[in-house]
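Just follow the structure's listing: the first ligand is 1, and inside any ligand the first atom is 1.
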Amino acid sequence: MKRPKRRGNRRWGELMKSRTRARRLLVALIDHHVSIRLPPMRLLARRFSSSPPPAPPVLDLHAPRHALVAAVADACSRWGFFQVVHHGVDVNAYHKPMADFFRLPHNAKAALRRTAGNARGFFDDELTKQKVDWKQAIDVGMPGSRAWALPDDDPSNACLDGFNRLPSDALLPGFREATVRYYESLTSLAARVASLMAEGLGMPADHFDRELREAHTSYLRLNYYPPHPGGDGALGISPHRDAGFLTVLWQDPSCHSLQVQQPAETGSSRRYDGSGGEWTTVVPAEGALTINTGDMAQIWSNDRYQAPLHRVLTHPTLERFSAPFFYNPGYRTQVAPLPSPGRPKFLPCNWGYFRAQRFAGDFADFGAEIQTDDFYEGSKSHHPQMQEEFLRTVDFSTPFSVEKYRPLLQMPRK
Ligand SMILES: O=C(O)CCC(=O)C(=O)O
Ligand SMILES: [Fe+2]
């Protein structure tokens, strides 16, 4: 619509135009995370900005491939978070089976508990960064035999993560079948996203097929966050980064409590360290799945893709469900930076070792949790050396046992 012309205010109009241009420029700089080192300028831009706070983008998987590759690469390097629509996964089909699982009597769930000798199963005592999460969960992963039809405890199903502990069909009819169907559809979607991420790094679309699509050791986690009336700032999950390559997350549409830390505008190309950055709620778009990149994507991409820090709040009255699918490489995979401009920033990191370390940390205190920083070229960490030791003795086809590996986990640190 045309604005009526006002006489005698041309100079005012010019001035307003240049102010609008300046404001737009500042907002664009911030939106693109161009380094702005002066906080007052940043605040000024925020105050003048009428646009909502920046949030991870929602991408349509039906978009032309080249545009999608660019958009995924941009989201992975700025946020490490995005949502996808037209993803082909029937997201509604799994809500009921999932809710039914958590409505089982507590002792039925407790009978499926994970242990220090088996990483898979039910738990309600997870520590994230040494703090107990306010939630219940069950992990279901790719069986060692890669055949879902075998009984969960079939000896050929053994692998580093242990054995699945799904409720029997008598206890929860149809749950197993629905879970396997959902797991497989997420595996396909994750492989599709990984191929976009590969192209975004200048690699062929099938670059990750051998280490991920064919050998993956992914697991689906079902989360239930009960209401937390305490008002004491308790978190559903403390700030953390996901360890694997990428996570495909279904979020409850009725309770929005997942938050990602905004990339710090420090001008540094290095990761943000958790201090300072503001939190942005990732509100699920209708029918969308949320995707975030993990530590292995960060190493493989030589720091071009970020493993974002995220957390889950509690809600005083609402319960919340979520289901992250952690798309993880094969245990033997040595994750090392792909050819990229500049020197490789990381030493090779073995996924099996990284996973075992994280799992051990859920059961005993072996000091600070392993991080990608431990593999940063030039870091003084003991992990690259411990990893070599681990690889000399590990058998990836037997469950990792915290007790068995205690001497190694407690190895004197440099
Ligand atoms: O519940 C959510 O929305 C996210 C869960 C999460 O970050 C995790 O399980 O690692
Ligand atoms: Fe997470």
Side-chain angles (χ1 to χ4, degrees), residues 55-56 58 76 79-84 91 94-95 98-99 101-102 114 119-141 161 182-183 186 190 193 217-228 234-261 271-272 274 279-285 288-298 305-315 318-328 354-355 358-359 361-362 369-372:
V58 180
C76 290
W79 283 99
F81 253 95
F82 53 101
Q83 300 189 51
V84 290
V91 286
Y94 197 56
H95 297 181
M98 181 176 174
F101 172 77
F102 288 109
R114 69 180 190 185
R120 290 180 180 163
F122 172 80
F123 55 97
D124 53 5
D125 51 1
E126 167 112 308
L127 297 173
T128 306
K129 309 276 181 239
Q130 277 89 36
K131 290 202 180 121
V132 181
D133 299 332
W134 183 259
K135 67 163 194 181
Q136 299 178 12
I138 182 169
D139 285 349
V140 183
D161 279 283
Y182 192 59
Y183 181 103
L186 291 172
V193 175
T217 57
S218 311
Y219 59 97
L220 173 65
R221 172 167 291 177
L222 311 184
N223 287 318
Y224 168 62
Y225 304 90
H228 186 276
L235 289 170
I237 309 186
S238 296
H240 68 283
R241 297 180 173 88
D242 292 349
F245 184 77
L246 66 86
T247 305
V248 182
L249 170 75
W250 173 78
Q251 295 194 62
D252 198 323
S254 57
C255 179
H256 309 151
S257 46
L258 168 66
Q259 295 191 316
V260 57
Q261 196 173 46
R271 66 192 60 78
Y272 35 96
W279 294 99
T280 293
T281 303
V282 185
V283 177
L289 285 165
T290 302
I291 298 200
N292 68 269
T293 37
D295 288 334
M296 296 303 115
Q298 182 157 2
Y305 294 162
Q306 299 298 314
L309 202 60
H310 55 288
R311 67 180 186 182
V312 180
L313 307 178
T314 50
H315 195 282
L318 295 179
E319 59 178 16
R320 177 175 183 266
F321 295 92
S322 78
F325 171 78
F326 300 107
Y327 191 51
N328 297 329
F354 203 86
R355 169 77 189 124
R358 280 287 170 92
F359 167 43
D362 286 335
E369 199 176 53
I370 192 168
Q371 305 291 340
T372 48

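- Contacts with ligand 1 closer than 4.0 Å are made by side-chain heavy atoms of F326 only, the backbone lying farther away.
- For H228 and H315, the side-chain atoms include no donor-acceptor pair closer than 3.5 Å.
- Side-chain contact of N223 with S322: a donor-acceptor pair under 3.5 Å is present, judged by distance alone.
- D242 contributes OD1 and H310 contributes NE2; the angle these two atoms make at the Fe ion (ligand 2) is 90°, rounded to 10°.
- For ligand 1, the atoms sitting less than 4.0 Å from at least one non-hydrogen atom of V312 are 1 (O), 2 (C), 4 (C), numbered in the order shown with element in parentheses.
- Polar contact check, Q251 against ligand 1: no nitrogen or oxygen pair lies under 3.5 Å apart.
- With 3.5 Å as the limit, one finds a donor-acceptor pair spanning the side chains of R320 and Q251.
- F326 and Y219 have tilted rings, their planes meeting at an angle from 30° to 60° on a 0 to 90° scale.
- Partner of E319 under the side-chain contact (heavy atoms from CB on, under 4.5 Å) criterion, chosen from P227, C255, P226: P227.
- Using a 4.0 Å cut-off between heavy atoms, T247 makes no contact with ligand 1 at all.
- Of all protein heavy atoms, the one lying nearest to atom 10 (O) of ligand 1 is H240 NE2, 3.0 Å.
- Listed by number with element, the atoms of ligand 1 under 4.0 Å from a non-hydrogen atom of N223 are 1 (O), 5 (C), 9 (O).
- Not one N or O of R221 is nearer than 3.5 Å to an N or O of ligand 1, by distance alone.
- Residue Y225 approaches ligand 1 through these ligand atoms, each under 4.0 Å from one of its heavy atoms: 1 (O), 2 (C), 5 (C).
- Of the candidates W134, F123, F122, F102, Y224 forms a ring-ring contact (aromatic ring centres under 6.0 Å, His included) with just one, namely F102.
- Interface of I237 with ligand 1, defined as ligand atoms under 4.0 Å from a residue heavy atom, comprises 5 (C), 6 (C), 8 (C), 9 (O).
- Under a 4.0 Å criterion applied to the non-hydrogen atoms of P324, ligand 1 contributes the atoms 9 (O).
- Taking every non-hydrogen atom of H310 and a distance limit under 4.0 Å, the qualifying atoms of ligand 1 come out as 7 (O).
- With salt bridges taken as basic N to acidic carboxylate O contacts below 4.0 Å, none links R221 and D242.
- The single protein non-hydrogen atom nearest to atom 3 (O) of ligand 1 is R320 NH2, 2.9 Å, given as residue, atom name and distance.
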Evaluation steps, salt bridge (charged side-chain N to carboxylate O under 4.0 Å, His left out), between R120 and D139 = CA-CA 5 Å; R120 290 180 180 163; D139 285 349; over 6 Å; no

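- Ring pair W250/H95 is tilted by interplanar angle, where 30° to 60° counts as tilted.
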